[in-house]
Amino acid sequence: MSATCQQTPNGRFSARIHRGTEQIGGTCVELEYGGSRILLDLGMPLDADEFEPSLMPRVEGLERADPTLLAIIVSHGHVDHWGLIPNVKLRVSVGMGAATKRILRAAAAFVPRPFVPEDTLDLSDRTPVQIGPFQITPYLVDHSAYDAYALLIEAGGKRLFYSGDIRGHGRKASLFEKLLRLPPTNVDAMLLEGSSLGRIGLDEGFPSESDIEERLVERFRTPGFIALSASAQNIDRIVSVYRACKRTDRVLVLDLYAMEILRATGNDHVPAPGWPNLSVYIPEYQRRQIARNERFDLLEPYKSVRVYPEQLEMLASRAVMLFRPAMMFDADRAGLWEGARAIWSQWDGYLKEGAGAKLRADLADRGIPLEAIHTSGHASIRDLQRLASAVSPRALVPIHTFQANSYPEFFANVVRRKDGEWWPV
């Protein structure tokens, strides 16, 4: 729930978590020093279907002009960390990774609630930036969102480290190990996400992204059309699927949205037009969007690798299509379902309602088996312990968790805070 306004402590670096001490998603942290303030994230709660004014934290400067609010710093591009920013009534400076900005801009032409960042402060790995009295040092981390950062904030001689969303088993696991080797030091307070607490035990872990690739290779060896549902913004997963396709001589079929997201990364090591085992298909709903918005320029980079319904039908036995519910019409029209299978490669909670539940029902109606092959975007408890030990904060504050009460079982120096409570760093 929205935090109530309270008087900030004077003359010292202070913090309050508006949302996150008792839930995952919708994160927002306010920091204050010397009369100046910044926010770390301003996310949409995961259980909110659309914006309502009551979701906005009670932060001065979001609805009325307040020059003491200097900036909103976005840790990464998941909507539960930025989703309320488009509803801020006044222009507030925003900081985020340069690739995150490009991805959000690329997605804007395709998603129902777009966020098109304007001029932003670009974050880059371990490069400090000064915003008023706050020095902010981003740490590039491993997460299912591309270009994700943990954040060290310094003010008034005190240091707060915010983990953001983090893991150690993705394709960028080396970033997690680097953070363990070269962590921020002399940290007074650490805000540590705990998404995995309550989901797995202490001695359990998550499959690595390489493990996911191996499972996909095993499934891809059997011929027949495969509809694979994954987030186009989970670049690690798209790379895993593409590598599995290459290893089994399959063709990965991506839509325009996915291709634009990949292009926005600016990374030469992710699939691009001209790569082998890659084709582009424009589903009917995207064709209509393009025509309606007169965005024919979006098609130009993909002309050489584009396939049409009749070609898709010919490819079917060796095609893996990045699939979403709106593509059901295209699959039906092209007759792709004979001997087909489906793979769900994202959080299984999305299958319980909304578009995910409809997709599962539609597949069942067509007799298509659905299998889940996925791994978490968040760290195991063991990896969280390794991180906490490396940073060794004077106070460890739970955030982004439903299990704050269990933190003392796993971590030292735990100090619980309440949503809306100001406390000195």
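No hydrogens, no waters, no symmetry mates; every other heavy atom, side chains included, goes into these values.
- Between the side chains of H81 and D165, at least one donor N or O sits under 3.5 Å from an acceptor N or O.
- Other residues, nucleotides and ligands contribute more than 12 heavy atoms inside 6.0 Å of the CD atom of E310.
- Counting non-hydrogen atoms of other residues, nucleotides and ligands closer than 6.0 Å to OH of Y350 gives a total of 12 or fewer.
- Of the candidates H76, H378, H143, H378 is the only one forming a ring-ring contact (aromatic ring centres under 6.0 Å, His included) with H400.
- Summarising the geometry of Q311 relative to R306, their closest heavy-atom pair is OE1-O, 4.2 Å, with the distance given to 0.1 Å.
- Between F225 and W337, the angle of the ring planes goes over 60°, which puts this pair in the perpendicular group of the 30/60° scheme.
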Hey, mind stepping through E214 and R219 against salt bridge (charged side-chain N to carboxylate O under 4.0 Å, His left out) and telling me if it holds? CA-CA 9 Å; E214 293 303 322; R219 300 306 189 272; over 6 Å; no
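- A donor-acceptor contact closer than 3.5 angstrom links the side chains of D122 and T120.
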Given the rule in the salt bridge (charged side-chain N to carboxylate O under 4.0 Å, His left out) test, do E260 and R263 qualify, once you have shown the distances and angles that lead to the verdict? CA-CA 5 Å; E260 284 292 289; R263 189 159 70 118; 3.0 Å; yes
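- Atom CZ of R64 has 12 or fewer heavy atoms from other residues, nucleotides or ligands within 6.0 Å.
- Residues A71 and I131 share a closest heavy-atom pair of CB-CD1, 4.1 Å.
- Atom CD of E338 is surrounded by 12 or fewer heavy atoms from other residues, nucleotides or ligands within 6.0 Å.
- Here the CD atom belonging to E177 is positioned 14.0 Å from the NZ atom belonging to K172, to the nearest 0.5 angstrom.
- Contact check on R295 versus D297 returns a salt bridge, with a Lys/Arg side-chain nitrogen under 4.0 Å from an Asp/Glu carboxylate oxygen.
- P184 has its side chain within reach of L179: a pair of non-hydrogen atoms, C-beta onward, lies under 4.5 Å apart.
- Taken from SG in C245 to CG in L278, the straight-line distance is 9.0 Å, to the nearest 0.5 Å.
- Closest approach of H78 and S144 over heavy atoms only: CE1-OG, 3.4 Å.
- Ion pairing between E32 and R16 fails under the 4.0 Å rule for side-chain N and carboxylate O.
- Side-chain contact, S345 with R237: a donor N or O sits under 3.5 Å from an acceptor N or O.
- For E209 and H169, the side-chain atoms include no donor-acceptor pair closer than 3.5 Å.
- Put simply, the residue from L252, V241, I373 that forms a side-chain contact (heavy atoms from CB on, under 4.5 Å) with L228 is V241.
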